[in-house]
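One-based numbering, in listed order, for ligands and for the atoms of each. Bear in mind the structure is a predicted one, so any value in this text is a computation, not a measurement. Numbering starts at 1 and runs along the sequence shown.
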Amino acid sequence: MTLKSPTIPTFDFMQNNKINWGIIGAGRIAQTFADDLKLSPNAVLRAIASRNSEKAQSFAQKNDIAQFYDSYQALAKDPDIDVIYIATPHPLHYENTLLCIENGKHVLCEKPMGMNASQVKRMTDEAKAHELFLMEAMWTRFIPATEKLIAVLDSGVIGNPLFLHADFGFKSTPDPNGRLFNKKLGGGSLLDIGIYPIFLSLLLWGKPNTIRALARMTETGVDSYCSMVFDHNNAAKSMLESTFEANTPVEAIIYGEKGTLKLHRRWHHATMLSVLKTDGQNEEIHLPYKGSGYIFEIEEVNRCLQNGIKESNKMPHRMSLDLIETIDRVKAEIGLAYDEHD
Ligand SMILES: NC(=O)c1ccc[n+]([C@@H]2O[C@H](COP(=O)([O-])OP(=O)(O)OC[C@H]3O[C@@H](n4cnc5c(N)ncnc54)[C@H](OP(=O)(O)O)[C@@H]3O)[C@@H](O)[C@H]2O)c1
């Protein structure tokens with residue numbers, strides 16, 4: 001897809017002193033996101049776009065949204081919209097994001113941002129060239145538990161980090177046509193949920209220098225189980241797992257020389273951390289959140305847009321590139337390729 005030269009948005013940015021949001025794709029996560037958006041005093045959900053007019057109308061009615069569209073393009077062209085949340089299956093993120101950017105819209109794009117590193121590079125390059133905000137919707141980065149985790153590690157209370165164990169697994173009945181198993185819809189546990197433990201590993205120690213990975217493939221040619229070991233400069237190690245085959249603990253534990261730090265189940269939106277020190281002093285920290293936990297990433301986007309910031313310093317383009325480059329390396333290790341994208 002070729003984009004036109006950078007466009008200067010012609011709309012009145014932040015009408016009513018609120019950030020005006022639109023959503024592309026009226027699926028499951030779109031509904032959860034819409035519910036959390038209602039919690040923000042700084043924003044309003046003004047439009048929904050679905051491929052199906054009735055679906056768009058019913059989503060709009062249910063969520064008290066002023067405008068609905070039966071095409072993604074029509075939403076991208078709506079002059080009243082400031083920022084668009086992309087809530088479609090992974091392989092569509094690239095073209096949906098470029099459509100929004102071409103039409104002068106800021107974008108919050110679901111994870112993974114693209115199907116491979118070259119897509120994410122193009123998306124971030126185009127956002128920069130058009131002077132528009134773009135962020136991957138890695139909501140875990142913004143929940144209070146993650147902020148606390150960073151603070152606890154910085155305090156040195158568990159000492160030098162040794163290794164990380166993090167898993168994300170749930171049992172899902174294989175449906176060859178469903179988003180989780182259909183290869184054309186970007187199926188597989190690695191891209192859908194393996195991205196979370198990989199994100200945590202990168203947040204702690206950056207890109208690994210060595211990666212080992214094993215997977216089990218489904219008849220549809222995607223991974224239903226993926227296990228990864230990362231080595232970070234011959235120092236810290238990460239042992240990560242994702243699966244649709246079983247309900248796993250969904251915990252993240254960082255082991256250090258003086259103790260361990262645990263993000264309790266389901267760690268990617270944890271409300272509890274514990275510090276277990278080798279001297280026997282333990283601490284439990286409770287960090288409840290509002291709504292379903294998406295409000296924190298929403299407020300980060302609002303904050304950036306209100307201040308003319310084009311890239312979040314907490315979830316910068318570099319992190320999205322590092323994430324997808326690491327995923328590409330894991331894909332190569334387990335022999336996973338998405339025909340139209342790799
Ligand atoms: N951050 C999180 O916690 C979280 C949780 C779940 C999912 N996600 C991410 O959000 C994205 C969507 O996941 P979801 O669970 O919401 O999926 P979903 O329920 O299947 O919804 C996806 C929507 O995308 C649209 N779409 C466009 N082209 C499509 C196609 N060819 N096939 C199917 N749908 C198509 C459809 O909306 P219309 O018919 O209305 O156009 C559909 O309802 C994924 O990339 C996933 O990784 C994130």
Tell me which one of [options] gets a heavy atom nearest to [atom].
| atom | options | result |
| --- | --- | --- |
| atom 38 (P) of ligand 1 | Lys55, Gln31, Arg28 | Lys55 |
| atom 28 (N) of ligand 1 | Thr32, Thr88, Leu92 | Leu92 |
| atom 40 (O) of ligand 1 | Gly186, Ser50, Ser292 | Ser50 |

Considering only the protein, which heavy-atom contact is closest to [atom], and what is its distance?
| atom | value |
| --- | --- |
| atom 24 (O) of ligand 1 | Pro89 CD, 3.1 Å |
| atom 16 (O) of ligand 1 | Ile29 N, 2.9 Å |
| atom 29 (C) of ligand 1 | Arg51 NH1, 3.2 Å |
| atom 47 (O) of ligand 1 | Lys111 O, 2.8 Å |
| atom 45 (O) of ligand 1 | His90 ND1, 2.8 Å |

Between [X] and ligand 1, which residue portion shows a heavy-atom distance shorter than 4.0 Å: side chain, backbone, both, or neither?
| X | value |
| --- | --- |
| Asp192 | side chain |
| His93 | side chain |
| Arg179 | side chain |
| Leu185 | side chain |
| Glu110 | side chain |
| Ala87 | backbone |

What do you reckon, does [X] have a nitrogen or oxygen under 3.5 Å from a nitrogen or oxygen of ligand 1?
| X | result |
| --- | --- |
| Ala26 | yes |
| Tyr72 | yes |
| Ala137 | no |

Going through the distances and angles, do Phe33 and Trp21 end up as a ring-ring contact (aromatic ring centres under 6.0 Å, His included)?
CA-CA 11 Å; Phe33 187 89; Trp21 285 76; 5.5 Å; yes

Quick check: does any side chain N or O of Gln119 sit under 3.5 Å from a backbone N or O of Met115, one acting as donor and the other as acceptor?
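Side chain of Gln119 to backbone of Met115, a donor-acceptor pair under 3.5 Å: yes, one is there.
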
Using a 3.5 Å distance criterion without hydrogens, assess whether the side chain of Lys105 forms a donor-acceptor pair with backbone atoms of Asp78.
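Yes.
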
With a cut-off of 4.0 Å, which atoms of ligand 1 are near a heavy atom of Tyr294?
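In order of numbering, the contacting atoms are 1 (N), 2 (C), 3 (O).
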
Which ligand 1 atoms are under 4.0 Å away from a heavy-atom of Gly27?
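Every atom of ligand 1 under 4.0 Å from some heavy atom of Gly27: 19 (O), 21 (O), 43 (O).
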
Would you say Lys258 and Val157 make side-chain contact, with heavy atoms under 4.5 Å?
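The answer is no, as the side chains (C-beta and beyond) never meet within the 4.5 Å cut-off.
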
Could you point out which residue of Trp139, Tyr85, Tyr289, Phe142 forms a ring-ring contact (aromatic ring centres under 6.0 Å, His included) with Tyr294?
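The passing option is Trp139.
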
Could you tell me whether His165 and Tyr255 have their ring centroids closer than 6.0 angstrom?
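Under 6.0 Å, so yes.
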
Hey, are [X] and [Y] close enough for a salt bridge, meaning a charged N less than 4.0 Å from a carboxylate O?
| X | Y | answer |
| --- | --- | --- |
| Asp328 | Lys331 | yes |
| Glu147 | Lys314 | yes |
| Asp192 | Arg179 | yes |
| Glu299 | Arg303 | no |

Please find the pair of heavy atoms, one from Lys183 and one from Tyr338, that lie closest to each other, and give the distance.
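Closest heavy-atom pair between Lys183 and Tyr338: O-CD2, 3.6 Å.
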
Is Tyr196 close enough to touch ligand 1? Criterion: a residue heavy atom under 4.0 Å from a ligand atom.
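Yes, Tyr196 has a heavy atom closer than 4.0 Å to ligand 1.
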
Just checking, any donor-acceptor pair under 3.5 angstrom between side chains of Asn177 and Asn182?
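No, no side-chain donor-acceptor pair sits under 3.5 Å.
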
